[in-house]
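Inspection log for the structure reproduced underneath, given as structure tokens.
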Amino acid sequence: MASDSQFLDPAAIQRAEVLGLQARQIVEGYMAGEHKSPYRGFAIEFAQHREYVPGDDTRHLDWKVLGRSDRYYIKQYEQETNYVAHLILDGSESMKYGSGKVTKFDYARTIAATLAYLILHQRDAASLAIFDSAVRSYYPRTDNLSAIHNLITLLANFVPEQTTSISTVLHDLARQIKRKGIVILISDLFDEVDDVLRGIQHLRFSGSEVVIFHVLDPYELEFPFKGTVEFRGLEGGQKLLTRPSELRKSYLAEVKEFVDKVRTGCERNGCNYVQVNTATPWHEVLSSYLATRQHRYG
Amino acid sequence: MSFLNPILLFGIAAIAAPIIIHMFMNRKVKPVVWAAMRFLKASVQKNQKRMNVEDLLLLLLRCLLLILLALALARPVFRGAKGSTLVRGSETAVLLIDNSYSMGQNDGGKTRFDQARDAAEQILDSMPGGSSVALLFFSDVVKAAVPDPSYDLNLVRKVARDATLSDRPTNVDQGMKQAFDVLSRHQGGTQHIYLITDGQSLGWKQFDDIAKMIHSPEVKTSVILVGSPEEHNLCVSDLRMSSAIASVDEAAQFDVEVSNFGDSEARDVAVRISVDGDSPTDEGVIESIPSGGAKRLALFTKFRTAGYHTVTGQINADHLPIDDQRTIAVHAMDDVRVLLVSGDTGSDPSEDATFYLRHALTPISQAEMEKYFIKTKTIGPAELDSTNLGDYEAVVLANVPDISAAAQDAIAAYLTRGGGLIIFPGTKTRAQFYNESLAKKFNFLPATFGNMRGKPDQKDNFFTLQAKGYDNRIVSIWNDPNAGTLATTHFYCAYQLKPETGHTDKAGEPQVIVKYDDGTPAVMERPWGRGHVILFSSSANTSWNDMPLRPAYLPLIERTLGAILDRQDARLNVPVGSPFEIVCNPEWVGKDAIITSTGEKKEAGSLRRVTLVDGVPLLRFNDTEKAGTYEAAIKTEPPTIIKFAAQFDPSESKLTSVAQVQMDSLAPDAQIVRWSPNTHIENQITGKGGGGSEIWSTLAMIVLVAACAEMTMAGIFSEAK
């Protein structure tokens with residue numbers, strides 16, 4: 001967890017502002033591009049009917065009432081406050097890897113910040129947990145948009161340092177979450193797949209909707225290394241000397257098997273699985289996901 | 001197995017290169033911090049063993065490739081026993097071609113040398129690929145035309161075609177030694193000497209040594225004999241001037257010796273003599289020359305001008321043209337100046353020590369003295385110091401007691417330049433001075449003066465000269481009884497001549513000219529420097545003998561002077577290949593001279609310069625490879641022409657072939673091929689197999705295949721898996 005001194009650190013503050021600005025731009029860009037109501041987001045419920053007046057959006061006409069009574073009524077909605085989005089961000093050392101300027105963690109926290117901004121902007125509640133082998137930073141549930149700054153500051157100033165144990169964290173969270181909500185897990189999932197899937201299964205069992213943003217670096221997906229390379233593990237400090245070009249196919253097969261297993265496991269558990277390549281712009285990932293979600297949930 | 005280029009075997013050390021690269025490659029790594037280690041580890045676990053095997057395979061293949069490459073470059077040769085039937089491999093060969101002048105013999109068509117060149121071309125045509133050939137021409141010297149074996153056989157072929165005959169005698173031993181020397185410096189392969197010669201017996205004098213070389217198991221030898229046996233050959237084996245002095249407009253006698261090297265008697269051999277290449281001035285016929293014999297014919301000519309002339313003795317041409325004529329150079333003089341130093345003038349002119357000498361040298365009246373070609377000047381010993389000896393062709397010391405140190409040095413310088421010194425003792429002669437200074441200190445004298453024999457006043461107790469067996473050319477005319485005799489001269493008194501032994505750089509071997517009847521030397525001679533010293537044991541006048549009163553005195557003195565001059569002329573005639581040098585006028589030092597041989601244009605002549613050597617102005621010329629006349633034109637005003645001549649060795653004219661028995665004795669170790677234009681030499685030589693076979697080309701192919709395999713394997717192994 002970030003210390004007070006870090007919050008006062010001008011660099012940390014700047015990082016938070018950049019991250020916040022970035023998240024806001026992504027959300028606003030998304031909204032402008034989609035031309036959709038911000039209320040058609042994650043957790044909105046029907047409230048009452050009122051009579052149609054010219055100028056109302058015809059999309060909100062209740063066609064069933066019109067069919068039965070030949071009268072024009074508009075459906076009105078109200079915010080569902082029972083739903084909360086739990087943003088769970090992997091802050092283990094493996095997330096520090098980045099073949100370019102952006103590490104997986106940078107990318108992941110930008111997604112988290114963006115989603116937090118979007119959720120709070122829609123007046124939903126959100127909480128944030130950053131974990132490695134355990135939860136290291138936590139921001140409790142809030143539906144106050146003004147809390148976004150603190151939340152983003154937390155994200156911006158977290159430094160991955162520990163090895164990961166995703167399943168433990170997921171099991172803990174599953175036990176802690178009292179009310180059903182949306183659990184958004186952002187991680188590279190570099191852990192035992194079966195354990196991870198069991199953790200996800202536990203979350204689903206607790207009634208939560210689970211969304212997995214599986215963050216991977218393009219080099220991890222393509223393995224383009226040449227010559228003789230000594231790979232130094234980010235977690236555990238292992239070293240491995242080899243000629244990667246001769247191993248590329250074998251490595252990619254391993255990665256594919258892993259990704260396929262995760263994807264299959266997620267789908268089997270009714271989770272939304274989103275594979276994220278850090279080379280892809282954030283807004284594209286978000287747009288793509290939200291479009292899919294909108295299509296799925298109307 | 002041996003190697004043609006064993007030094008390149010060190011290239012095998014290059015196998016360290018791939019090993020080092022392999023190790024270095026593993027050290028020169030790029031570190032990458034990596035997150036997805038689990039997948040990488042799984043992948044490595046599946047592939048590492050395979051990659052290690054591939055690495056090892058590639059390393060072994062690369063090492064093998066370098067070893068094979070080094071082996072191929074070192075050119076290994078598998079040797080078989082001599083005469084085995086291994087596949088004939090490339091050869092390191094020496095073409096050893098006889099270019100002695102007997103190879104100029106022709107039987108109406110091609111000369112033996114032409115045939116030798118044709119045979120050489122056939123040999124070159126039959127050489128297996130990758131062969132290298134050196135080309136040596138031999139006579140009594142070896143000329144390395146292509147000194148080291150060359151792979152450019154066309155070059156060898158061209159050099160062989162352009163080669164010319166020498167005018168030298170043959171010596172197979174020399175050639176074989178050098179051929180072996182060449183091969184010893186170029187080890188490996190089938191070492192093969194192709195000896196192409198006419199098989200003249202003269203060249204095989206050291207037959208045992210040659211046979212020993214041919215017996216070498218390391219080197220294969222093929223003897224290719226060219227030319228058909230010649231049954232007739234006449235040769236002008238000698239030409240010399242028998243007149244004492246060559247002077248202008250005086251008849252000069254030349255003896256032409258013709259040798260018959262044929263199997264049968266030669267009859268009616270026409271002999272001609274000519275001067276400076278003009279029409280013959282005299283000719284004669286030798287009625288009969290027996291087989292193996294030689295006969296002389298005296299022919300006469302005159303020199304119309306003073307200076308250098310060439311005299312050619314010639315017979316009709318036969319199958320070996322070079323020896324049908326012989327040329328010598330002669331210096332004809334219009335003035336022969338003789339300095340007489342008298343040590344005792346006596347009370348009466350006739351008692352002067354030089355009285356009889358002067359008259360013998362100028363046997364004419366006082367009125368004719370001016371016109372006579374011999375000019376004498378008589379001085380006393382004291383005047384010797386102030387006299388320039390270089391103005392005289394000869395200096396005579398007659399009864400001179402001793403001479404000053406300065407005079408001794410002047411005589412040394414005079415002899416060094418080629419002057420002549422004649423010494424007659426007498427009553428005043430101080431024998432001790434002569435022995436200590438002139439004999440021991442300067443080595444001028446061919447003998448020292450010993451005890452006095454006889455007494456001047458006991459004329460009844462005389463002794464005489466030998467009556468026959470005159471070997472020296474000064475006295476050789478008295479071998480003919482018609483010329484009179486020397487034996488009638490009475491000697492009452494004489495020094496015993498004790499010959500000096502050995503020789504030094506300047507003093508030559510002493511020789512006896514004539515002996516007394518008891519066999520002790522009466523007159524001796526010795527070359528000294530470029531000059532000549534003749535020492536008499538008795539007086540020049542009648543005080544110790546009656547020789548001046550005898551008819552033989554005049555020709556003896558004249559021939560003695562002639563010998564001095566002849567010695568000077570002898571330097572004009574050198575054996576082929578020997579250096580020529582002549583003492584020049586000191587004023588010519590630094591002047592250039594163009595030297596041309598017979599038929600050679602002035603533009604093609606050799607440029608030389610008159611230089612001072614040890615204080616002596618000399619013109620030197622070493623390139624006397626062709627027999628015949630040479631002309632040196634010294635750039636003086638007007639130009640000075642000096643003619644000289646190179647003489648061929650007549651022994652080479654004996655064309656007798658080496659005995660068949662001897663050739664047969666070489667057959668176990670060498671292939672003896674009698675070549676004719678219809679002979680296919682390849683069948684005769686290669687049919688018996690070579691001494692080894694080279695495998696570099698096979699190795700090179702394997703290297704190529706290994707290189708391709710390496711590239712392919714490296715490509716496959718480095719593909720992503």
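Scope of the values below: all heavy atoms of this structure, side chains included, with no hydrogens, waters or symmetry mates. Naming: A, B, ... by sequence-line order, numbering from 1 per chain.
Between A:Phe231 and A:Tyr97, the gap from one ring centroid to the other reaches at least 6.0 Å.
No part of A:Lys256 comes within reach of chain B, as not one of its non-hydrogen atoms sits under 4.5 angstrom from that chain. Using a 4.5 Å cut-off between heavy atoms, A:Lys104 touches chain B through its side chain atoms alone.
The 12-atom threshold is not exceeded at OH of A:Tyr219, counting heavy atoms of other residues, nucleotides or ligands nearer than 6.0 Å. Within a 6.0 Å sphere centred on NZ of A:Lys96, other residues, nucleotides and ligands contribute more than 12 heavy atoms.
Results of the side-chain contact (heavy atoms from CB on, under 4.5 Å) test with A:Ile88 over A:Val183, A:Val211, A:Val210 single out A:Val183 as the only residue that passes.
In terms of heavy-atom pairs under 4.5 angstrom with chain B, the leader among A:Glu257, A:Lys239, A:Glu230 is A:Glu230.
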